[in-house]
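Below, chains carry the letters A, B, ... as their sequence lines are ordered, and counting in each starts from 1.
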Amino acid sequence: MFDTERLAIETELTAFLLELGLAVPAGGFKWSQLPYAGEWGIATSFFQIAADEARAGKGGNVAQRAQELARAAAARLGTPTGFARIEAVKGYLNLYYITAAYGQRVVDTAIEDGAAFGRGPARGQRIMVEFSQPNTHKALHVGHLRNMMLGAALANILEFAGWDVIRANYIGDFGKDVLKWVWNYRKHHAGEARPAEQVTHWMGDLYAEATANLENDPDGNKEIEALFHRWEAGDEEIVNLWRETRQWSLDGFNEVYSQLGIHFDRIYFESDFEQSGKEYVAELIHRGLAQDERPAGPVIVKLDELLGNEKEEYRVLVILRSDNTALYATWDLVLAQQKFKDYPDLDVSLYVVDVRQSQHFKQVFKTLELAGIAEIKKAAHLPYEIVNLPGNITMSSRDGTVVLLEFFINEAVNRARQVSLESNPELDEQTRAEVAWAVGLGAIKFPLIARDNTKIATFDWESALDFNGQGAPYIQYAHVRANSILRKAGGDLPASAMPTYTLDPKEVALIELLAAFPQVVQRAASEYRTLLITTHALELAGAFNDFYNACPALTAEPPVRAFRLRLIAAAKQTLANSLALLGIQAPAVM
RNA sequence: GCACCCGUAGCUCAAUGGACAGAGCGCCUGACUUCGAAUCAGUAGGUUGUGGGUUCGAAUCCCGCCGGGUGCGCCA
């Protein structure tokens with residue numbers, strides 16, 4: 001936010017180093033925030049320069065020399081315009097902002113930009129984020145929620161950072177599992193209609209039933225294979241039934257997406273690639289890239305052999321079953337290309353899929369690269385770890401340990417309603433219902449995106465329904481408090497004015513976090529890390545609470561009151577913007 | 001066997017290669033006639049799994065080892 005001031009300092013420092021016959025370190029000056037609580041400014045160190053100098057010849061004590069250079073640089077710079085003071089400490093050059101002037105600038109920017117505060121300039125680049133990827137005829141559980149939240153939040157962050165984002169979904173609407181469901185439905189539920197509510201839950205129950213029935217039915221697999229051939233031949237009864245039941249799942253998904261505040265720009269279906277996938281496999285065989293072992297074996301791509309690898313790195317990719325049926329890889333080979341056909345100006349094609357499929361994507365992308373698909377270099381898999389149960393136990397529908405999404409959402413919303421009843425009994429029912437949804441959903445979404453993608457998430461009911469501490473309700477509560485003060489202040493915000501009093505360290509700390517928000521957005525986007533936004537939002541809420549306790553606004557003297565009300569408005573806006581990126585609502589009351 | 005991921009306070013997790021490794025939860029002690037206690041203040045808690053290496057500087061980068069997890073020619 002203060003690039004102009006920083007660049008002026010860099011120019012001076014470069015000249016200073018030149019005079020001493022020293023060079024700017026490779027990569028330029030590295031700036032960091034002052035680590036002192038309540039102090040606000042930037043710092044850079046001279047260790048690298050001193051070390052380079054020592055290596056070049058004369059040796060010497062690096063730490064001592066760094067401090068010497070820092071001291072000389074401080075003397076040379078004097079007190080630069082825009083800064084309150086400058087100091088050299090332990091090899092660091094510390095520059096302290098004029099908090100009143102800078103604070104005013106930060107607060108004004110946040111208020112003026114409003115919902116756009118933190119937004120980056122348009123990059124003119126386009127990215128597709130594929131996420132969610134549910135399978136029809138199956139249930140949704142908390143594992144799916146992590147994917148949905150990660151993908152949705154990432155898409156929001158990328159868009160806010162300046163990317164042109166396409167949100168894509170890839171629905172698993174075909175394959176053996178789907179026909180297994182259809183097979184069981186025809187046998188045991190023919191003519192039965194979908195329930196009015198919790199459709200995906202019901203679809204999942206029937207899927208579990210189908211799995212059990214198939215195990216006890218010696219003719220089952222043959223019958224399912226027959227269904228497959230009828231579907232492929234366009235048999236009206238089967239295709240219609242498949243289409244109708246698929247729609248039940250899609251209706252259920254849309255209901256959940258709507259509840260979660262998720263939308264997509266482009267939807268792909270596996271079934272759409274059944275034909276083209278097989279044609280592409282034939283092409284790969286024809287070109288000698290794939291080996292056809294049918295009917296004894298499947299169609300495979302021997303990647304390591306093609307690459308001349310001694311070690312097994314890419315291994316073998318199966319792209320068509322020996323019985324000619326398609327599988328995941330068949331569809332993925334053509335889908336990857338289809339995305340670039342649909343969006344020729346795509347710069348990045350991102351797949352948000354759990355880590356267990358890392359090798360699969362490595363294989364698919366490498367196969368396409370060998371096939372000469374140049375754009376595939378723009379495709380990337382973003383792996384994330386799965387959601388487990390305590391004791392590092394993987395959820396299993398067979399063991400009945402899966403936490404179904406609809407059930408989980410209901411529990412969380414009910415719990416939020418209870419807490420709201422206790423802490424704010426005067427709310428009217430309509431508002432309370434809205435608050436319960438906002439807080440309950442926020443609480444369950446947050447922990448799934450507030451950790452690094454490489455970390456396994458552990459689900460347990462107690463912590464999932466605990467609304468205290470580091471979580472979405474904490475941030476929402478800070479937002480509510482800010483809103484409450486502004487409401488009591490009444491009327492319009494005071495006009496912008498530079499504070500004429502010495503800012504409290506708590507105010508400075510809060511302003512510093514507001515100022516950092518735009519850079520945090522950029523970093524989160526470039527590293528694909530939602531964690532950076534959640535951490536910043538928690539710190540911001542914490543800083544606001546510290547400020548709230550230390551710095552009364554409504555009862556303060558007019559000039560103090562005026563600046564604090566504006567600071568509160570800026571904090572409220574930034575909290576709301578952060579939550580919006582995470583796909584979490586910021587209620588006015590709770 | 002090969003590949004990838006994880007190991008930081010009792011638990012769950014942070015920490016652009018930089019200054020004393022930080023939060024929450026839990027334990028204990030306090031704060032609501034004072035802008036909303038879903039909050040806050042305070043106490044206690046660490047040889048960052050381990051051994052080397054690179055570097056002025058390593059929780060962070062490289063190598064070995066230990067422990068845990070995941071994937072590996074017809075599941076998605």
Could you tell me how far apart [X] ([atom1]) and [N] ([atom2]) are, to the nearest whole angstrom?
X: A:D460; N: B:C11; atom1: CG; atom2: C1'; value: 10 Å
X: A:Q470; N: B:U12; atom1: CD; atom2: P; value: 14 Å
X: A:Y548; N: B:C32; atom1: OH; atom2: P; value: 15 Å
X: A:F467; N: B:U12; atom1: CZ; atom2: P; value: 21 Å
X: A:I449; N: B:U12; atom1: CD1; atom2: P; value: 21 Å
X: A:R6; N: B:U16; atom1: CZ; atom2: C1'; value: 13 Å
X: A:H536; N: B:A15; atom1: NE2; atom2: P; value: 14 Å
X: A:K506; N: B:C40; atom1: NZ; atom2: C1'; value: 10 Å

Glycosidic class, syn or anti, of B:G73 using a 90° window around 0:
syn
Which glycosidic conformation, syn or anti, is assigned to B:C32 if syn requires a torsion within 90° of zero?
syn
Applied to residues 438-449 of chain A, the side chain to side chain donor-acceptor pair (under 3.5 Å) test, sequence neighbours excluded, yields none
Side chain to side chain donor-acceptor pair (under 3.5 Å) contacts touching residues 381-395 of chain A (sequence neighbours left out):
A:N147-A:Y384, A:N388-A:N392
Tell me what [X] touches on the nucleic acid: a base, only sugar-phosphate, or nothing, going by heavy atoms under 4.0 Å.
X: A:S463; answer: nothing
X: A:T555; answer: nothing
X: A:V589; answer: base
X: A:V301; answer: nothing
X: A:D332; answer: nothing
X: A:R529; answer: sugar-phosphate
X: A:S358; answer: nothing

Base-pairing assignment for [N] (Watson-Crick or G-U wobble, both under 3.5 Å):
N: B:U48; value: none
N: B:U34; value: none
N: B:C27; value: none
N: B:C20; value: none
N: B:C2; value: B:G71

Polar contact flag, side-chain donor to acceptor under 3.5 angstrom, [X]-[Y]:
X: A:T454; Y: A:D452; value: no
X: A:S420; Y: A:R432; value: yes
X: A:Q418; Y: A:N414; value: no
X: A:T330; Y: A:K278; value: no
X: A:N545; Y: A:Y474; value: yes
X: A:Y96; Y: A:E87; value: yes
X: A:D173; Y: A:H137; value: no
X: A:R529; Y: A:N453; value: no

Please state whether the rings of A:Y351 and A:F361 are parallel, tilted or perpendicular, taking 30° and 60° as the class boundaries.
tilted
A:F459 vs A:W461 aromatic rings, parallel, tilted or perpendicular, using cut-offs 30° and 60°?
perpendicular
Sorted by chain and residue number, the ring pair (Phe, Tyr, Trp, His ring centres under 6.0 Å) partners of A:H479 (sequence neighbours excluded) come out as none
Nucleotide by nucleotide, 5' to 3', does protein get under 4.0 Å of the base (B), only the sugar-phosphate (S), or neither (-) in nucleotides 69-76 of chain B, counting heavy atoms?
SSSBBBSB
How does each nucleotide of nucleotides 54-62 of chain B score, in 5' to 3' order, for protein heavy atoms under 4.0 Å: base (B), sugar-phosphate only (S), or none (-)?
-SB------
By nearest-heavy-atom nucleotide on RNA chain B, the more 5' of A:K455 and A:R487 is A:K455
Taking 4.0 Å as the cut-off, does a side-chain nitrogen or oxygen of [X] come that near to OP1 or OP2 on [N]?
X: A:T454; N: B:C6; answer: yes
X: A:N468; N: B:U39; answer: yes
X: A:Y314; N: B:C4; answer: no

Geometric cation-pi criterion A:K138 and A:Y207, 6.0 Å radius, 45° cone:
yes
Near-strand residues of residues 34-43 of chain A, defined as heavy-atom separation under 4.0 angstrom from RNA chain B
A:P35, A:Y36, A:A43
Same-atom distance ([atom1]) from [N] to [M], integer angstrom:
N: B:G10; M: B:U16; atom1: C1'; value: 31 Å
N: B:C6; M: B:U60; atom1: C1'; value: 15 Å
N: B:U55; M: B:C62; atom1: P; value: 16 Å
N: B:C27; M: B:G45; atom1: C1'; value: 10 Å
N: B:A21; M: B:G57; atom1: C1'; value: 15 Å

Is it the case that the base of B:A14 and the side chain of A:T535 share a donor-acceptor contact (distance under 3.5 Å, atom types as modelled)?
no
